[in-house]
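In what follows, a single structure is set out as structure tokens and then discussed.
This structure is a prediction, so every number in the text was calculated from the model and none was measured. Throughout, a chain's letter reflects where its sequence line sits, starting with A, and its residues are numbered from 1. All values below come from the heavy atoms of this structure, side chains included, with hydrogens, waters and symmetry mates left out.
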Amino acid sequence: MRLSEYFLPTLKEDPAEAQIVSHRLMLRAGLVRQASAGIYSWLPMGLRVLRKVEQIVREEQDRAGAQELLMPTIQSAELWQESGRYDGYGKEMLRIIDRHDREMLYGPTNEELITDIFRQTIRSYKDLSKILYHIQWKFRDEVRPRFGVMRGREFLMKDAYSFDVDYEGARNSYNRMFVSYLRTFARMGLQAIPMQADTGPIGGDLSHEFIILADTGESEVFCHKDYLEFDALSEETDYRSDLSPVVDKWTSLYAATDEKHDPEKAAELGDKLISARGIEVGHIFYFGTKYSKAMGATVTGADGEELVPEMGSYGIGVSRLVGAIIEAYHDEDGIVWPDDVAPFTVGVINLRTGDQDCDAACESTVSKLEAAGIDVLYDDRDERAGAKFATMDLIGLPWQIIIGPRGLKNGLVELKRRSTGEREELSAESALSKLIR
RNA sequence: CGGGGUGUAGCGCAGCCUGGUAGCGCAUCUGCUUUGGGAGCAGAGGGCCGGGAGUUCAAAUCUCUCCACCCCGACCA
């Protein structure tokens with residue numbers, strides 16, 4: 001992609017409305033534009049990142065045995081009346097009246113809808129267990145949206161729902177999602193720490209929030225230092241095996257949000273205790289038969305008796321993650337994308353657009369990278385070197401290949417790693433061979 | 001939902017107190033010079049001063065009202 005043709009409206013100055021760093025950078029780097037309070041348009045580069053994040057989530061859901069479907073954004077109020085949440089959900093639910101005066105709503109979550117699908121179709125215990133998920137826009141009419149996409153009213157969320165014949169099965173589904181979340185966030189370069197969360201009226205220990213540490217996190221969290229050393233990707237996961245050892249390992253150390261914080265227990269950790277701010281990027285919980293019972297979603301059990309399935313639900317804030325990743329990966333010059341979510345892998349900077357040698361060297365480099373299947377953004381604009389450096393650092397592509405007349409005289413280009421700032425001068429061929437594996 | 005604040009060019013802001021021809025920086029366009037970390041000079045374009053109603057000879061400025069957005073808190077993926 002040529003930058004001269006790309007739709008990338010960057011800003012040199014900080015927009016006044018953005019307070020936290022991820023919001024500022026998302027606006028400055030031309031990823032999003034606010035449409036109204038808590039509602040954003042995703043511009044081409046932002047959309048690329050969103051899609052990458054979404055795809056990682058999808059792959060890890062699939063790997064864990066969940067199956068993707070797609071439910072609508074607009075739902076009928078009837079289902080919610082059935083579950084009893086229509087009145088209970090309050091003003092956060094955006095309610096809509098259609099032309100026939102029917103009450104509709106923009107879905108804030110999908111337990112009712114998935115339960116409805118389930119009860120229409122699943123008849124036998126033999127069809128369980130099932131985990132179904134979708135990645136869809138949600139709307140929650142927050143009183144006070146803020147922090148850009150981190151706490152918008154409209155947001156993209158992956159929500160999965162599990163159905164099992166008994167508690168043991170539900171626990172197994174829970175564990176699958178638990179482990180898949182560890183892998184999902186790790187692939188994005190995030191160290192997410194599972195923290196025990198409020199389980200509401202159900203009780204038990206089957207609810208966890210996945211928190212990443214960041215200075216601008218919205219809540220205070222406490223955890224054992226050793227969590228930072230845990231590596232979710234170090235071993236291959238077999239989702240058909242018993243996952244409880246993995247879950248046990250990740251829940252063995254102290255980790256709590258401020259509402260679950262126990263100062264006495266935390267004090268035992270001594271200097272191993274970390275007190276920090278955290279961003280919630282995922283939340284999983286088991287809720288038993290709450291919806292299946294209320295909505296009459298039953299199957300026939302092995303003994304011929306009617307059986308009420310045990311359910312759980314599992315959310316990941318996909319659009320929020322884009323902001324969260326920036327919170328974790330930026331410096332004073334801009335965003336520093338982790339490799340796996342970067343909108344482009346390499347940025348090629350032509351320091352002298354119009355110079356025959358520079359143009360030729362750049363174009364040859366770009367086309368070789370593209371031929372190798374690497375996403376390249378080529379800055380061919382007629383701008384000064386400084387402006388190009390600044391733009392490239394701002395948008396945070398993991399690699400930069402800098403090509404100018406000075407180096408070309410000696411047959412050299414420059415390869416820069418955005419995350420470390422490390423640069424080396426080398427031939428175009430060796431630069432390419434470092435990027436093309 | 002309580003408290004506070006801001007709306008003036010695409011972005012960042014001044015002007016408002018004390019009413020009198022709407023300004024600055026960046027960005028945009030043109031020309032020349034420049035060319036390895038957001039260039040210099042010269043010129044140009046761009047505004048229902050958030051909307052409505054009032055006061056006044058005269059309103060960006062004063063009054064009332066509505067709207068939008070932001071911040072702090074309570075709440076939340």
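- When Watson-Crick and G-U wobble pairs are counted only if both distances are under 3.5 Å, B:A77 pairs with no nucleotide at all.
- Across all strands shown, B:G25 forms a Watson-Crick or G-U wobble pair, both distances under 3.5 Å, with B:C11.
- Aromatic ring orientation, A:Tyr174 versus A:Phe178: tilted (interplanar angle from 30° to 60°).
- With a 6.0 Å cutoff to the six-membered ring centre and a 45° limit on the axis angle, A:Arg140 does not count as a cation-pi contact of A:Tyr106.
- Applying the 5.5 angstrom centroid cut-off and the 30 degree plane-angle cut-off, the aromatic ring of A:Phe155 is stacked upon the base of B:A77.
- On the P atoms, B:C49 is 12 Å away from B:G10, given to the nearest whole Å.
- Base pairing of B:C69: its partner is B:G5, meeting the Watson-Crick or G-U wobble criterion (both donor-acceptor distances under 3.5 Å).
- When heavy atoms are screened at a 4.0 angstrom cut-off, A:Lys416 is found touching base atoms of the nucleic acid.
- Minimum atom distance to the side chain of A:Pro15 is reached by B:G12, of the listed B:G12, B:A77, B:C1.
- As rounded to the nearest Å, B:C24 and B:C69 have P atoms that lie 31 Å from one another.
- A:Lys138 has no side-chain polar atom (N or O) that falls below the 4.0 Å cut-off from OP1 or OP2 of B:A77.
- Residue A:Arg320 places its side chain closer to B:A77 than to any other of B:G36, B:C72, B:A77.
- Heavy atoms of A:Glu209 sit nowhere under 4.0 angstrom from any nucleic acid atom.
- Ranking B:G38, B:A74, B:A77 by closeness to the A:Thr391 side chain, first place goes to B:G38.
- To the nearest whole angstrom, the two P atoms, one in B:C64 and one in B:U28, are 42 Å apart.
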Test log, rule ring pair (Phe, Tyr, Trp, His ring centres under 6.0 Å), inputs A:Tyr314 and A:Tyr161: CA-CA 6 Å; A:Tyr314 315 90; A:Tyr161 303 90; 8.0 Å; no
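- Straight-line distance from the CG atom of A:Asp393 to the P atom of B:G38: 12 Å, rounded to whole Å.
- Taking the P atom of each, B:G38 and B:A22 are spaced 37 Å apart, rounded to whole Å.
- Considering only side-chain atoms of A:Ala37, the nucleotide from B:C70, B:C75, B:G38 that sits closest is B:C70.
- Between A:Arg151 atom CZ and B:C75 atom C1' the separation is 6 Å, expressed in whole Å.
- Phosphate proximity of B:C75 to A:Arg144: absent, as no side-chain N or O sits under 4.0 Å from OP1 or OP2.
- Atom CZ in A:Arg384 sits roughly 12 Å away from atom P in B:C41 (whole-Å rounding).
- In this structure, A:Arg352 atom CZ and B:G36 atom P are separated by 7 Å, rounded to whole Å.
- Across B:C1, B:A77, B:G36, the shortest atom-to-atom separation from the side chain of A:Leu351 is found for B:G36.
- Of the candidate nucleotides B:C13, B:A77, B:C72, B:A77 has the atom lying nearest to any side-chain atom of A:Glu142.
- Residue contacts shown for A:Gly404 include a base, since a base heavy atom lies under 4.0 Å away.
- Between A:Phe147 atom CZ and B:G73 atom P the separation is 8 Å, expressed in whole Å.
- Distances shown here put every side-chain N or O of A:Lys12 at or beyond 4.0 Å from the OP1 or OP2 atom of B:C26.
- The pairing partner recorded for B:G31 is B:C41, the criterion being a Watson-Crick or G-U wobble arrangement whose two distances lie under 3.5 angstrom.
- Applying the side chain to side chain donor-acceptor pair (under 3.5 Å) test to residues at least two apart or on different chains, the pairs with a partner in residues 386-408 of chain A are A:Thr353-A:Lys388, A:Arg381-A:Thr391, A:Asp393-A:Gln400, A:Asp393-A:Lys416.
- The only member of A:His330, A:Arg320, A:Glu327 that meets side chain to side chain donor-acceptor pair (under 3.5 Å) when paired with A:Ser22 is A:Glu327.
- Spacing between B:G20 and B:C62 at atom C1', rounded to whole Å, works out to 14 Å.
- Residue A:Glu17 is in sugar-phosphate contact alone, with no base atom involved, counting any heavy-atom pair closer than 4.0 Å across all strands shown.
- Comparing B:G25 with B:C32, their P atoms are spaced 24 Å from each other, to the whole Å.
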Pairs under 3.5 angstrom only: tabulate donor-acceptor contacts from the side chains of residues 65-74 of chain A to other protein residues two or more places apart or in another chain.
residue	atom	partner	partner atom	Å
A:Glu68	OE1	A:Arg58	NE	2.8
A:Glu68	OE2	A:Arg58	NE	3.3
A:Glu68	OE2	A:Arg58	NH2	3.1

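- Residue-level contact check: A:Gln34 touches the backbone only, with heavy atoms under 4.0 Å from sugar-phosphate atoms and none from bases.
- With the nearest nucleotide of RNA chain B identified for both A:Val143 and A:Gly152, A:Val143 has the one nearer the 5' end.
- No side-chain donor-acceptor contact under 3.5 Å links A:Tyr6 and A:Arg2.
- Counting atom types as modelled, A:Glu383 pairs no side-chain N or O with a base atom of B:G38 as donor and acceptor under 3.5 Å.
- At a cut-off of 3.5 Å, with distance as the only test, a side-chain donor of A:Glu111 or A:Thr109 sits close to an acceptor on the other residue.
- Remark: C1' of B:C76 and NZ of A:Lys260 are 17 Å apart, rounded to the nearest angstrom.
- Regarding A:Asn110, its CG atom lies at a distance of 15 Å from the P atom of B:A77, rounded to whole Å.
- As judged by a 4.0 angstrom heavy-atom cut-off over every strand, A:Leu394 is placed among the base-contacting residues.
- Across all strands shown, B:C16 remains unpaired; no Watson-Crick or G-U wobble contact has both distances below 3.5 Å.
- Here, B:C26 and B:C41 have their P atoms 9 Å apart, quoted to the whole Å.
- Of the nucleotides present, none pairs with B:G36 by Watson-Crick or G-U wobble criteria with both distances under 3.5 Å.
- Between the CE atom of A:Met150 and the C1' atom of B:C70 there is a distance of 17 Å, rounded to whole Å.
- Pair assignment for B:A53 gives B:U63, based on Watson-Crick or G-U wobble hydrogen-bonding distances that are each under 3.5 Å.
- A:Ala385 comes within contact range of the sugar-phosphate backbone alone, with a heavy-atom separation under 4.0 Å but no base atom that close.
- B:C48 sits 12 Å from B:U8 when the C1' atoms are compared, rounded to a whole Å.
- Base contact: A:Arg28 has a heavy atom under 4.0 Å from a base atom.
- Candidate nucleotides B:G73, B:C11, B:A77 were compared by shortest atom distance to the side chain of A:Arg146, and B:G73 ranks first.
- In this structure, A:Ser36 reaches the sugar-phosphate backbone alone: every heavy-atom distance under 4.0 Å involves primed, P, OP1 or OP2 atoms, never a base.
- At least one donor-acceptor pair closer than 3.5 Å links the side chain of A:His224 to the backbone N or O of A:Asp226.
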